[in-house]
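Naming convention: chains lettered A, B, ... in sequence-line order (proteins, then strands); numbering from 1 in each chain. In this text the structure is predicted, and so the values were computed from the model without any measurement.
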Number of protein chains: 2
Amino acid sequence: MPRTGRRPGYSDTREAILTAARQAFAERGYDKASIRQIATSAGVDPALVHHYFGAKEQLFLAAMEAPIDPGKAIEQVVAGGLDGIGERLVRTFVTVWDSPAGTPAAALVRSAVSHDWSARMLREFITTQILRRVIGNLELDPNEGPLRASLVASQLMGLIMARYIIKLEPLASAPPETIVATVAPTIQRYLSGPLDQ
Amino acid sequence: MPRTGRRPGYSDTREAILTAARQAFAERGYDKASIRQIATSAGVDPALVHHYFGAKEQLFLAAMEAPIDPGKAIEQVVAGGLDGIGERLVRTFVTVWDSPAGTPAAALVRSAVSHDWSARMLREFITTQILRRVIGNLELDPNEGPLRASLVASQLMGLIMARYIIKLEPLASAPPETIVATVAPTIQRYLSGPLDQ
DNA sequence: CGTTGATTTCAACGCTCGTTGAGTTTCGGA
DNA sequence: TCCGAAACTCAACGAGCGTTGAAATCAACG
């Protein structure tokens, strides 16, 4: 029974590592997530992780790459135009975050707070992948669009922090409908209301 | 010229360590801030930090203890009653965070995301030191009060994240008055408006 | 002036981490 | 069937961390 060398039969090790990495990054953030623990959790030697993905940063990028693609969700939300967009956005948002798809996103947020280039990544991601599309599709006034969009981002990031990271009650356990009912008007006003009232 | 032993003359080493610690915790969060680097930044040996404050957790507590006391600020904000509280709250909030007093608060937030008991601390702090006082002083309906308060917390935490941590533009460089004008109505509605519209 | 205690540094322990290079096993095409 | 490449592990390096115990120096009080 060899303890080293290639294993017999088909093997899905690469995906196993990615899955373990996503969960680790989501639960602990970039810095606290360790390659050694990711390897253990994938039933593998740490060196194998390095063999497949190279340095830790590249593993992080690989783990984030596939699962985060908000393109279709944004299109659906934005398709209906400004009317009722607050409700559609918040409902989609909470649905996604309450689902397993929220895991890698949580990883980005957790990492962004303590890690400099994770913060840069998140900023780039938010602006180029989300805000820009929203602004473009909604045809907002170019003078006000960016501010409106970043206000939306601030409320949604606060929702993430309160509900999923800090777990502030009663927000953390409130049913999705409560969140939608209370937060949607804020988003609606940030996008379509007068900015100073 | 001795390299060890007590230094001649008066010494404010204890305070120097606390100052360095506050800045380090604020810039890097609990985990990444290292005692060795705090010591270096205070011009001191790491062992001296331990001599004065004990373990790292106690140093963190000591660094947070004095500077964070929102009692008076809250009283002023709340004193005027529900009318116009959104504007007063956001203005006070931004003023404090734009000032040096924002440093230790940023430390708490940064640490809370990656560190479990920092998150617990921040949650306790927000609920007992802030939300409870706000709810009590404003005499909110006990059924709605906690939800209203945690919605306020979510928007304010999102503002922190977007403006001070991620530095999302144009929010990060917007003048305080813009923040007040745009965010205050949200806070006002969370506190005094109908919850579902 | 001598002694006690506070202040400060030094050297080291034990730990975890990311990363590396060499070695071992299996697969798959020629 | 052979052989190169892919998969995989082992052992180790070097760095940084929190923490510790002992020693050195100075201040203060009798």
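Proximity of A:Y52 to the phosphate of D:dC8: a side-chain N or O atom is located under 4.0 Å from OP1 or OP2. Regarding contacts with the backbone of C:dT20, a side-chain N or O of A:H50 is found under 4.0 angstrom from either OP1 or OP2.
Taking only side-chain atoms of A:A47, from C-beta outward, the nucleotide of C:dT8, C:dT19, D:dT9 with the closest atom is D:dT9. For A:S34, taking side-chain heavy atoms from C-beta onward, the closest of the listed nucleotides C:dT9, C:dG18, D:dT19 is C:dG18. Here D:dT19 is the nucleotide among C:dG18, D:dA7, D:dT19 with the atom lying nearest to any side-chain atom of B:K56. When distances run from any side-chain atom of A:T13 to the nucleotides C:dG18, C:dT8, D:dC8, the shortest one goes to D:dC8. Closest contact between the side chain of A:I35 and the listed nucleotides C:dG18, D:dT9, C:dT8 involves C:dG18. Taking the side chain of B:D45 as heavy atoms from C-beta on, and the options C:dT19, C:dT8, C:dT9, the nearest nucleotide is C:dT9.
A salt bridge links B:E177 with B:R91: the closest approach of a Lys/Arg side-chain nitrogen to an acidic carboxylate oxygen falls below 4.0 angstrom. We find that B:D98 and B:R163 are joined by a salt bridge, their nearest charged nitrogen and carboxylate oxygen being less than 4.0 Å apart.
Between the C1' atom of D:dA5 and the NE2 atom of A:H51 lies a distance of 10 Å, rounded to the nearest Å. A:D12 places its CG atom 10 Å from the P atom of D:dC8, with the value rounded to the nearest Å. What separates CG of A:L48 from P of C:dT19 is a distance of 14 Å, to the nearest Å. Going from atom CZ of B:F53 over to atom P of D:dT19 covers 14 Å, rounded to whole Å. Per the geometry, CD1 belonging to B:I38 stands 15 Å off C1' belonging to D:dG16, to the nearest Å. As rounded to whole Å, 13 Å separates atom C1' of D:dG16 from atom CZ of B:R28.
Judged by distance alone, the side chains of A:S154 and B:Q155 do bring a donor and an acceptor atom under 3.5 Å apart. B:E15 and B:T19 form no side-chain donor-acceptor contact under 3.5 Å, judged by distance and modelled atom types alone.
Residue-level contact check: A:A39 touches neither bases nor backbone, having no heavy atom under 4.0 Å from any strand.
Residue-to-nucleotide contacts include a donor-acceptor pair under 3.5 Å from the side chain of A:R36 to the base of C:dG18.
Here the closest heavy-atom approach between residue A:A153 and residue B:L168 is recorded as CB-CD2, 3.7 Å.
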